[in-house]
Asker: 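I have a structure I would like to understand better, so I am pasting it below and will then ask my questions one at a time.
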Amino acid sequence: MTIFIPTPLRLYAGGQDAVELDAPTVADALEALTQAHPDLRKHLFTAEGKLRAFVNLYLNDEDVRYLPAKEATAVTSADTLSIIPFIAGGN
Amino acid sequence: MGILHLNRAVYDAIRAHGEETWPHECCGVLLGRFSPANASTTDAAGKELGGWQVQAAVRAGNTRTDSAHNRYQIAPVELVKIERDARRQGLDIAGFYHSHPDHPAQWSATDFAEAHWLGCSYVITAVAQGKATVTNSFLLAGATEEDKRFDQETILVEDQPGTPDPT
């Protein structure tokens with residue numbers, strides 16, 4: 001599958017905007033990504049190992065939080081996973 | 001101070017967007033390429049002019065319809081699609097813009113708390129009674145979420161490549 005790396009995290013992924021890897025599930029893909037690029041881990045996960053609240057994961061066009069199996073969802077080589085930090089604000 | 005390069009069309013477009021949505025906040029995404037400072041991107045005084053070169057602004061919907069006069073939020077799925085289109089054009093997400101209706105063009109505590117795109121520019125336009133006034137840009141600097149900060153940066157509005165017009 002292909003994991004798209006957002007602009008702020010490319011520095012920690014060898015400058016790449018996308019990483020190709022083989023993994024059976026979303027969680028496994030994230031594990032493989034952070035094994036290959038350990039500096040990414042603290043930007044994606046809390047010290048307790050939970051995905052940071054402001055980090056959104058989209059499997060193709062679906063929010064992983066709302067998939068029935070969530071991060072245990074099976075993936076194929078044709079799937080894309082987008083890491084998208086939250087964007088909001090106001091005066 | 002960092003530099004954000006905006007072409008005139010983008011600068012005008014984001015200010016016009018804020019006027020159109022007043023008294024509600026507008027929001028959108030800035031697409032471009034990062035240009036590291038080097039000898040060819042310094043001015044006559046040797047001041048570095050590196051930074052994001054914004055080439056397009058993409059309007060986004062404000063999903064905070066419950067409080068659109070003082071809050072904005074871009075749906076992540078919309079951002080996914082904007083980023084996908086940007087990749088096809090060879091562009092990156094350089095930052096974001098939004099408006100502050102009848103409020104100064106300074107970042108707020110909410111803006112800071114909700115800012116997570118380190119290394120990207122957050123452009124804010126004050127819109128007073130429907131008219132765009134000041135536009136400022138703040139780079140979300142720092143290495144991690146825990147030490148992030150907003151650094152104001154100079155906006156260079158460029159009418160044509162090679163003819164920067166400081167504002």
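Throughout, a chain's letter reflects where its sequence line sits, starting with A, and its residues are numbered from 1.
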Asker: Measure distances from A:Tyr58 to the heavy atoms of chain B and classify the residue's part below 4.5 Å as side chain, backbone, both or neither.
Answerer: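 Looking at A:Tyr58, just its side chain touches chain B.
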Asker: Does B:Asp85 pair with B:Arg87 as a salt bridge, N-O distance under 4.0 Å?
Answerer: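 Judged by the 4.0 Å cut-off on N to carboxylate O distance, B:Asp85 and B:Arg87 do not form a salt bridge.
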Asker: Can a salt bridge be assigned to the pair A:Asp39 and A:Arg41 using a cut-off of 4.0 Å between side-chain N and carboxylate O?
Answerer: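 Salt bridge: no.
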Asker: Among B:Val29, B:Asn70, B:Ile124, single out the residue with the greatest number of heavy-atom pairs under 4.5 Å to chain A.
Answerer: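 Highest number of pairs under 4.5 Å: B:Asn70.
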Asker: Please classify the contact between B:Arg84 and chain A as side chain, backbone, both or neither, with a heavy-atom cut-off of under 4.5 Å.
Answerer: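 The answer is the side chain of B:Arg84.
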Asker: Where does B:Ala109 contact chain A at under 4.5 Å (heavy atoms): side chain, backbone, both or neither?
Answerer: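 Looking at B:Ala109, nothing touches chain A.
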Asker: Can you tell whether the side chains of B:Asp92 and A:Arg10 come within less than 4.0 Å, N to carboxylate O?
Answerer: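 Salt bridge flag = yes for A:Arg10 with B:Asp92.
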Asker: If the threshold is 4.0 Å, N to carboxylate O, is there a salt bridge linking B:Arg15 and B:Asp12?
Answerer: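 A salt bridge is absent here (no side-chain N lies under 4.0 Å from a carboxylate O).
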Asker: Would B:Lys148 and B:Phe112 count as a cation-pi pair here, with the cationic atom under 6.0 angstrom from the ring centre and within 45° of the axis?
Answerer: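 Yes, B:Lys148 and B:Phe112 form such a contact.
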Asker: Evaluate B:Asp111 against B:His100 for side-chain hydrogen bond (donor to acceptor under 3.5 Å, both in side chains), listing each step before the verdict.
Answerer: CA-CA 11 Å; B:Asp111 287 328; B:His100 280 180; 3.2 Å; yes
Asker: Is B:His98 close to chain A through its backbone or its side chain, or both, or neither, when contacts mean heavy atoms under 4.5 Å?
Answerer: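 Interface part for B:His98: side chain.
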Asker: Report yes if the distance between the aromatic ring centroids of B:Trp107 and B:Tyr122 is under 6.0 Å, otherwise no.
Answerer: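 Judged by ring-centre distance (under 6.0 Å), B:Trp107 and B:Tyr122 do not meet the cut-off.
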Asker: So which of B:Asn62, B:Ile93, B:Thr63 has the biggest tally of heavy-atom pairs under 4.5 Å with chain A?
Answerer: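 Top count of heavy-atom pairs under 4.5 Å with chain A: B:Ile93.
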Asker: Donor-acceptor pair, B:Glu153 side chain versus B:Ser137 backbone, under 3.5 Å?
Answerer: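 A pair under 3.5 Å: no.
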Asker: Checking heavy atoms, do the side chain of B:Gln106, its backbone, both or neither come under 4.5 Å from chain A?
Answerer: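 Contact with chain A is absent: no heavy atom of B:Gln106 under 4.5 Å.
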Asker: Does any heavy atom of chain A fall under 4.5 Å from the side chain of B:Phe96, the backbone, both, or neither of them?
Answerer: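 The side chain, not the backbone.
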Asker: Where does A:Tyr12 contact chain B at under 4.5 Å (heavy atoms): side chain, backbone, both or neither?
Answerer: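 Only the side chain of A:Tyr12 comes within 4.5 Å of chain B.
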Asker: Which atoms of A:Asn60 are under 4.5 Å from chain B, going by heavy atoms: the side chain, the backbone, both sets, or neither?
Answerer: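 Contact with chain B: backbone only.
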Asker: Would you say the side chain of B:Phe150 lies within less than 4.5 Å of the side chain of B:Leu139, judging by non-hydrogen atoms?
Answerer: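 Not touching, per the 4.5 Å side-chain cut-off.
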Asker: For B:Pro104, is it the side chain, the backbone, both, or neither that has a heavy atom closer than 4.5 Å to a heavy atom of chain A?
Answerer: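 Nothing of B:Pro104, per the 4.5 Å heavy-atom cut-off to chain A.
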Asker: Verify the cluster assignment for A:Val64 and A:Phe54: are they in a single hydrophobic cluster under the rule of side-chain heavy atoms below 4.5 Å apart?
Answerer: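 Looking at the clustering, A:Phe54 is in the same group as A:Val64.
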Asker: Among B:Glu114, B:Arg71, B:His116, which residue has the highest count of heavy-atom pairs closer than 4.5 Å to chain A?
Answerer: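 Top count of heavy-atom pairs under 4.5 Å with chain A: B:His116.
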Asker: Heavy-atom cut-off 4.5 Å, strictly under: side chain, backbone, both or neither for A:Asn56 against chain B?
Answerer: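 The side chain, not the backbone.
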Asker: Is any side-chain heavy atom of B:Thr144 less than 4.5 Å from a side-chain heavy atom of A:Lys42?
Answerer: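 The answer is yes; the side chains approach within 4.5 Å.
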Asker: Where along residues 70-85 of chain A does a heavy atom come under 4.5 Å of chain B, listed by residue number?
Answerer: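 Residues of residues 70-85 of chain A touching chain B at under 4.5 Å: A:Ser82, A:Ile84, A:Pro85.
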Asker: Looking at chain B, which one of A:Asp17, A:Leu9, A:Asp63 has the largest number of heavy-atom pairs inside 4.5 Å, strictly under?
Answerer: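 Answer, by heavy-atom pair count under 4.5 Å with chain B: A:Asp17.
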Asker: For B:Asn7, does its backbone N or O pair with a side-chain atom of B:Asp159 as donor and acceptor, under 3.5 Å?
Answerer: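 Judged by distance alone, no pair lies under 3.5 Å.
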Asker: Decide whether B:Val77 and B:Leu31 are clustered together by the hydrophobic rule: side chain heavy atoms of Ile, Leu, Val, Met, Phe, Trp, Tyr closer than 4.5 Å, transitively.
Answerer: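 Result: yes, single cluster for both.
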